[in-house]
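Below is a structure I'd like to ask you about.
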Amino acid sequence: TVVLEYFGTTPTTGVGAKHEKQIIDMRNAIAALAIGQIADAKLTEYLPKLLKSDSPAVRLAASKSVFILAAGGQKLP
């Protein structure tokens, strides 16, 4: 999937360091939300790391995916 490919790369944006972190955090939050919707076991392995992110938005998105997966009976790592 595109999300799995995203996690397999080192994201860069080409903008300054201040804005780069914000953009990467936004991308990680979107990817975390996608994990819950896709419900692929390979992707759920990324949730523990996302739950430990220093970005509140990423942690919130990852938490939402955990709840979505748990409600759907998905086995979590």
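Just so you know, residue 1 is the first one in the sequence shown, and it goes up from there. Please read all numbers here as calculations on a predicted model, not as lab measurements.
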Which atom pair, heavy atoms only, marks the closest approach of Ile38 to Val3? CD1-CG2, 3.8 Å
Shortest non-hydrogen pair, Ala32 vs Ala62, comes out as CB-N, 3.7 Å
Report the distance from atom NZ of Lys52 to atom CG of Leu47, rounding to the nearest 0.5 Å. 12.0 Å
Could you grab the distance from atom CG of Leu4 to atom NZ of Lys42, nearest 0.5 Å is fine? 6.5 Å
Starting at CG of Leu50, measure out to OG1 of Thr44 and round the result to the nearest 0.5 Å. 11.0 Å
Closest approach of Ala29 and Val58, non-hydrogen atoms and distance? N-CG2, 3.9 Å
Working to the nearest 0.5 angstrom, can you tell me the gap between Gln22 CD and Ser55 OG? 10.0 Å
Would you say the side-chain atoms of Arg59 pair up with the backbone N or O of Ser53, donor to acceptor, closer than 3.5 Å? yes
Would you mind checking if Asp54 and Lys21 are paired as a salt bridge, meaning a charged N to carboxylate O distance below 4.0 Å? yes
For residues Asp40 and Ile35, determine if any side-chain heavy atom of one lies less than 4.5 Å from a side-chain heavy atom of the other. no
Just how far is it from atom CG of Asn28 to atom CD1 of Ile23, taken to the nearest 0.5 Å? 12.0 Å
Heavy atoms only: give me the nearest Tyr6-Ile24 pair and the separation to one decimal. OH-O, 3.9 Å
From CZ (Arg27) to CZ (Phe7), nearest 0.5 Å: 12.5 Å
